[in-house]
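Predicted model, so just to flag it, every value in this text is computed and none were measured.
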Amino acid sequence: MADMNSFRDAVSRWAAGGPGGPASDLVVQLGLRTAVLLEGPSDLAAVEALAARRGRDLAAEGVCVISMGGAMSVGHYAGLLGPPGLGLHLRGLCDEGEQRFYDRGLKRARAPHRGFFVCVADLEDELIRALGTARVEEIIRAEGDLRAWQTFLHQPAHHGRPRQQQLRRFLGTKKGRKIRYGHLLVENLDPGQVPAPLDDLFTSL
């Protein structure tokens with residue numbers, strides 16, 4: 001039975017140079033109308049966690065969330081999935097430092113910018129600021145990562161940096177950690193703490 005993972009796999013193969021037919025067929029089978037383009041899997045984990053918290057079944061709404069593997073891929077994915085390709089509505093998040101790639105890529109794909117929302121540094125930074133550093137450290141402790149966090153803090157390269165920057169860097173120091181914490185940080189948000197870019201994305205869907 002076709003599902004969103006099947007569509008994601010078909011899009012990945014298409015983006016890598018494979019045929020576009022399977023992805024096109026799945027759009028019809030799954031009733032897709034919107035693709036949410038995200039830079040990486042940690043962003044995808046956060047978006048899916050918030051959808052679950054809000055009781056939204058994105059698949060049933062015809063929305064597929066896709067990790068592109070980096071901001072520089074946005075033009076390619078927008079071309080495949082947006083107006084020049086499958087004709088889906090495009091939404092997404094982008095890091096402030098990568099906005100130029102989005103501007104160029106979306107313009108090339110003739111896709112509107114209005115459905116894309118900018119994070120100051122990245123989504124992890126937005127989530128850390130929303131929760132506060134003390135709460136994020138509590139989550140790290142509860143997850144059994146306290147020793148790793150303390151070891152990280154003792155490294156000279158991180159001395160003197162603001163705690164928020166240290167936490168953001170820590171989340172990216174081990175494979176899979178950003179994905180796990182992308183989900184965990186969203187799960188620990190109070191309803192009124194959802195960062196504006198993420199909240200605006202859901203309002204647009």
Side-chain angles (χ1 to χ4, degrees), residues 1-52 56-95 97-113 115-119 122-124 127 171-186 197-198 201-202 204-205:
M1 180 179 174
D3 59 14
M4 285 301 176
N5 286 329
S6 301
F7 180 69
R8 288 182 183 130
D9 290 343
V11 170
S12 293
R13 290 193 294 270
W14 189 15
S24 181
D25 292 343
L26 285 166
V27 165
V28 177
Q29 292 178 39
L30 297 171
L32 296 182
R33 59 178 181 82
T34 301
V36 178
L37 303 181
L38 302 172
E39 290 189 24
S42 62
D43 298 332
L44 189 150
V47 168
E48 290 190 331
L50 185 58
R56 293 187 61 172
D57 185 343
L58 295 182
E61 295 176 26
V63 177
C64 183
V65 184
I66 293 177
S67 168
M68 301 181 295
M72 294 181 70
S73 298
V74 66
H76 188 42
Y77 275 81
L80 297 179
L81 302 177
L86 299 182
L88 298 176
H89 300 295
L90 299 179
R91 299 290 186 269
L93 295 172
C94 105
D95 300 345
E98 311 292 357
Q99 195 168 359
R100 65 191 185 280
F101 297 119
Y102 280 72
D103 290 342
R104 289 199 298 264
L106 294 174
K107 182 178 181 180
R108 190 165 64 246
R110 304 193 304 278
H113 288 65
F116 288 80
F117 305 94
V118 181
C119 300
D122 55 22
L123 184 53
E124 287 80 20
L127 293 170
L171 297 185
T173 55
K174 181 181 178 181
K175 185 177 181 180
R177 183 178 283 154
K178 280 182 70 173
I179 299 171
R180 180 160 61 97
Y181 278 91
H183 190 278
L184 285 167
L185 296 183
V186 169
L198 189 56
L201 173 65
F202 271 78
S204 76
L205 296 176

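- Of all heavy-atom pairs between Leu171 and Leu185, the closest is CD1-CD1, 4.1 Å.
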Working note: Ser12 + Asp9, criterion side chain to side chain donor-acceptor pair (under 3.5 Å); need CA distance, chi angles, decisive distance, verdict.
CA-CA 5 Å; Ser12 293; Asp9 290 343; 5.4 Å; no
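- Leu81 approaches Ala35 most closely through the heavy-atom pair CD1-CB, 4.0 Å.
- With respect to Phe116, the side chain to side chain contact (heavy atoms under 4.5 Å, CB included) criterion is satisfied by exactly one of Leu93, Leu90, Val36: Leu90.
- Contact detail for Pro83 and Ala111: the closest heavy-atom pair is CD-CB, 4.1 Å.
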Evaluate Leu26 against Met4 for side chain to side chain contact (heavy atoms under 4.5 Å, CB included), listing each step before the verdict.
CA-CA 9 Å; Leu26 285 166; Met4 285 301 176; over 6 Å; no
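- With contacts defined as side-chain heavy-atom distances shorter than 4.5 Å, the pair Leu127/Tyr181 does not qualify.
- Here the straight-line distance linking atom CE of Met68 with atom CZ of Phe101 works out to 11.5 Å at 0.5 Å rounding.
- Each of Leu205, Val65, Val186 was compared with Val47 under the side chain to side chain contact (heavy atoms under 4.5 Å, CB included) criterion, and only Val65 meets it.
- Taking OH of Tyr77 as the reference point, atom CG of Leu37 lies at 9.0 Å (rounded to 0.5 Å).
- Using a 4.0 Å cut-off between charged nitrogen and carboxylate oxygen, Glu48 and Arg8 count as a salt-bridge pair.
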For Leu86 and Ser24: C-alpha separation, side-chain torsions, deciding distance, then whether side chain to side chain contact (heavy atoms under 4.5 Å, CB included) applies.
CA-CA 7 Å; Leu86 299 182; Ser24 181; 3.8 Å; yes
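- Between the side chain of Arg33 and the backbone N or O of Glu61, at least one donor-acceptor pair lies under 3.5 Å.
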